[in-house]
Amino acid sequence: MPLQLYNTLTRKKELFEPLEPGRVRMYNCGPTVYSFAHIGNFASFLLADLLRRHLEYSGLEVLQIMNITDVGHLTQDNVADAQGEDKLEKKAREEKKDPWEIARFYEDAFHADRKLLNIRDAHRYPRATEHVPEMITMIEELLAAGLAYEAGGQVYFEIAKFPRYGILSGNSTEELMAGESGRVESDPSKRHPLDFTLWKRDPKHLMQWDSPFGRGFPGWHIECSALSRKSLGEVFDIHTGGEDNIFPHHDCEIAQSSGGKDQICARHWLHRRYILIDGKKMSKSLGNIYTVGDLVQKGYTPREIRFNLLIGHYRANSNFTFQGLDSARETIRYLREFRRNMLELPARVTPAEEIQTVASLSQERDRGFRAGLDDDLNISASLAELHAFVSEAYKLATTEESGRLAVARLDAWDQVLGVLGERDGSPDASETTARVGKSNWTAAEVDRLVGERNEARARKDFKESDRIRDVLKAAGIVIKDSPQGTRWHAEG
RNA sequence: GGCGGCAUAGCCAAGUGGUAAGGCAACGGUUUGCAAAACCGUCAUCCCCGGUUCAAAUCCGGGUGCCGCCUCCA
C-alpha cells in the first residue's frame with residue numbers, strides 16, 4: 001500500500017518514495033535546550049517518532065537525525081536593546097551557571113522525558129555547538145558563491161539571490177515586506193531588510209567561536225542546514241518540525257542549503273500543528289505549559305501522555321485535555337486487560353476453524369491499520385481497526401492458542417503505537433520475593449490472601465471476603481472471579 | 001495590515017459529493033453472592049446564512065469564532 005504524506009512544500013498529499021529505495025533519510029528539528037521541553041515540543045517529536053515507527057513497520061529502513069540546539073537564541077524581551085542576549089546566556093545568568101552546563105542539563109532532561117514517552121532513539125543527536133566548523137564552511141561557500149555578504153561586522157544571506165525565498169511558507173518577498181509593518185528594526189547595513197544572519201558578532205555573547213569573519217557565533221538557521229547536510233547529504237527525504245518552524249526557519253534553511261542551485265534540501269516537509277490545552281493556546285500567563293514531569297506529578301503515566309498526544313492528527317489543532325488523559329488511561333487499561341484475558345484463555349485443543357478465522361481477521365484488520373497510517377498518518381482510522389479487532393477477538397477466541405494469536409497482532413501494532421509496553425502486568429510466579437505492583441506483598445502473599453478470601457466466600461462470609469478484597473484493592477491489586485477460579489493482577 | 005489553517009455528540013476524533021467511523025464518559029440490560037472484567041443495546045445531521053447539484057459535513061460565496069506565521073516559541 002502506498003504511503004501518502006502531506007507536503008507543506010506543495011500543500012497537498014503526495015506519494016512518498018525514498019530517494020534510495022528501501023532507505024529513508026529523515027531530519028527532525030529537535031529541542032532547544034535552555035529549559036524543559038513541554039508537551040507541545042513533544043507533540044512534534046512524537047510526529048517524528050510515529051512516522052519513523054510506521055516507516056519501519058512498513059519494512060523501510062530509516063536513518064533518523066535530530067539536532068540539539070544548544071547555542072541558544074535571541075529572546076523576545078531583549079530584541080529591543082538591539083544588542084540581543086542569548087537565551088542560554090540569560091538562563092545562565094539567572095541560575096548563575098555557565099551556559100554549557102545549562103545546555104547539558106536540559107539536554108539530559110530532554111532525553112529522560114523522551115525515553116519516558118517511549119520515543120525511539122534517533123540514530124544521532126548532533127549538537128550545534130559541536131558543528132560550528134561545518135557551519136563556518138557552509139558560510140564560506142555561500143560567500144564564495146556570492147549568495148552571502150559581509151556588512152557591519154555580520155554575515156548575511158542575500159535573499160535576492162534566491163528567488164524562491166519563501167516558497168515553503170507561501171510568502172513572497174513583497175508580502176513579507178507588507179506584513180512587516182515596521183515592527184522589526186532593520187540593520188541599515190543590510191542590502192535587503194529580510195536578509196538574515198549567517199554569522200553574528202557580539203562581544204557580550206558568552207558562546208563565541210573564531211571564524212574567518214571574526215570572533216562570533218552562528219546565525220539562527222545555519223545549524224540545521226549544516227547538520228542535515230553532514231548527516232544526510234545535500235538532498236534527503238523528510239524534514240519535520242513544528243508549524244512555527246515553517247517561516248522563517250525552514251524557508252531560510254531551504255535558501256541556505258540550495259547553494260545557489262535549483263534544489264530544495266528535503267523532498268517532504270511535515271509540520272506538527274500546535275496542540276491546544278483545554279481549547280486555549282499554551283502560554284505562560286495561562287500557566288498551561290506542561291512538561292512531562294508536571295503531568296507525571298499529577299498522577300498520569302508517560303504512556304497515557306504519549307497516547308493522548310498521539311491520537312490527534314498532526315495537521316489539526318488537537319486539543320489536549322485532562323479528560324483526554326483519563327480517556328487514554330481507560331483505553332490503555334482496556335487493551336492491557338485484553339492481553340491478560342487472551343493469555344488466560346484455557347489451554348486446550350483449538351478447532352482448526354477458529355484458528356483460521358482469528359488469523360484471517362488479524363490479517364484483514366492489519367491491512368486496515370496500515371491503510372490508515374499510510375493515508376498521511378491517519379491514526380484514528382488505524383485505531384478504529386484496532387478496536388474492531390479486539391472486539392472481534394473477544395468473541396471468537398476461546399483457547400490460549402487463539403488468544404496468543406490475537407495478542408501477537410496487538411503487540412505488532414504496539415510497535416507503531418508504543419503505548420502498551422512490554423510488561424503484561426500478570427503476576428510472575430518465579431519472582432517470589434518481588435513486590436506486586438505498588439503493594440507491599442509478594443505474589444505468594446497475595447495468593448495466600450486470595451485463598452483466605454475464597455475460603456470466606458465458600459462459607460458465605462461475604463463480609464469477610466469483601467473486606468479482604470477491599471484491602472487488596474487499596475494496595476492496587478484487582479480481583480476477578482470466574483468459573484475457572486479467582487484471578488488477580490496489579491492495576492494498570 | 002499580509003499569508004495560512006481549523007470549526008463534527010458532554011469530551012477526544014475519522015470522514016472531501018451519495019445519505020454521519022472509532023474511543024472516553026453516561027444510561028439500560030446480560031453475567032456476578034456483591035464486584036471486577038467482558039458482552040448486548042441507547043446516545044449527533046456535522047458553527048451560521050445563501051448558492052451549485054438528483055444528492056453536500058463534504059463544492060462555491062458571505063458571516064462568526066478559534067489557531068498559527070509575518071520578532072527562532074514544536
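Keep in mind that this is a model prediction, so the values were computed, not measured. First the proteins, then the strands, lettered A, B, ... as listed; each starts at 1.
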Counting any heavy atom closer than 4.0 Å, what does A/Arg453 reach on the DNA or RNA strands: base, sugar-phosphate only, or nothing? base
Quick one: label A/Lys395 by what it contacts on the DNA or RNA (base, sugar-phosphate, nothing), any heavy atom closer than 4.0 Å. sugar-phosphate
If we take the C1' atom in both B/G17 and B/U53, what is their distance in whole Å? 9 Å
If I pick the P atom on B/G50 and the same atom on B/G2, what distance separates them, to the nearest angstrom? 28 Å
For the pair made of CD in A/Glu330 and C1' in B/A37, what is the distance, rounded to whole Å? 11 Å
Using the C1' atom in both, what is the distance from B/G22 to B/C69, to the nearest Å? 33 Å
Go nucleotide by nucleotide along RNA chain B from the 5' end; which of A/Val390 and A/Met282 gets its closest nucleotide reached first? A/Val390
May I ask you to check whether A/Tyr394 and A/Asn341 show a side-chain donor-acceptor distance below 3.5 Å? yes
Sticking with atom P, work out how far B/U30 lies from B/C6, rounded to a whole angstrom. 47 Å
Is a side-chain donor or acceptor of A/Asp195 paired with a backbone partner of A/Ile159 at a separation under 3.5 angstrom? yes
Should the pair A/Arg340-A/Glu344 be classified as a salt bridge under the 4.0 Å nitrogen-to-oxygen rule? no
Quick one: does A/Arg469 reach the base of B/C34 with a side-chain donor-acceptor pair under 3.5 Å? yes
Base of B/C34, side chain of A/Asp481 - is there a donor-acceptor contact under 3.5 Å? yes
Using a heavy-atom cut-off of 4.0 Å across all strands, would you classify A/Gly40 as base, sugar-phosphate, or nothing? base
Please determine, for the side chain of A/Arg11, which listed nucleotide (B/A36, B/A14, B/G4) has the closest atom? B/G4
Is it the case that B/G33 (base atoms only) and A/Asp466 (side chain only) share a donor and an acceptor within less than 3.5 Å, ignoring hydrogens and angles? yes
Using atom P of each nucleotide, how far apart are B/U19 and B/C24 to the nearest Å? 26 Å
Reckon A/Tyr334 has a side-chain N or O less than 4.0 Å from the OP1 or OP2 of B/C39? yes
For A/Arg457, answer base if it contacts any base atom (sugar-phosphate contacts may also be present), sugar-phosphate if it contacts only those atoms, and nothing otherwise; contact means non-hydrogen atoms under 4.0 Å. base
Give me the distance, rounded to whole Å, that separates B/G5 from B/G18 when you measure between the P atoms they each carry. 23 Å
Distance test, side-chain N/O of A/Arg315 to OP1/OP2 of B/G4, below 4.0 Å: no
Using only heavy-atom distances, determine whether the side chains of A/Tyr300 and A/Asn308 contain a donor-acceptor pair under 3.5 Å. no
Write down the distance separating the C1' atoms in B/C47 and B/U64, rounded off to the nearest Å. 8 Å
Side chain of A/Lys281 (C-beta onward), nearest among B/C40, B/A37, B/C67: B/C67
Could you measure between the two P atoms, the one in B/C43 and the one in B/G4, and give it in whole Å? 42 Å
Reckon A/Phe247 touches a base, only the sugar-phosphate, or nothing at all at heavy-atom distances under 4.0 Å? sugar-phosphate
Nearest 0.5 Å please: distance from the CZ atom of A/Phe462 over to the NZ atom of A/Lys460. 5.0 Å
note: A/Ile311, atom CD1; B/C24, atom P; distance rounded to Å ~ 11 Å
On RNA chain B, compare the nucleotides closest to A/Ser482 and A/Ile275; which residue's is nearer the 5' end? A/Ser482
Out of A/His250, A/His271, A/Glu243, which one pairs with A/Thr8 under the side chain to side chain donor-acceptor pair (under 3.5 Å) rule? A/His271
Measuring from the side chain of A/Asn317 (C-beta onward, heavy atoms only), which nucleotide among B/G5, B/C70, B/C24 has the closest atom? B/G5
Any idea which of B/C24, B/A38, B/C12 is nearest the A/Thr321 side chain? B/C12
Would you mind classifying the nucleic acid contact of A/Ile246 as base, sugar-phosphate or nothing, using non-hydrogen atoms under 4.0 angstrom? nothing
Ignoring backbone atoms, test whether A/Asn341 places a side-chain nitrogen or oxygen under 4.0 Å from the OP1 or OP2 oxygen of B/A37. no
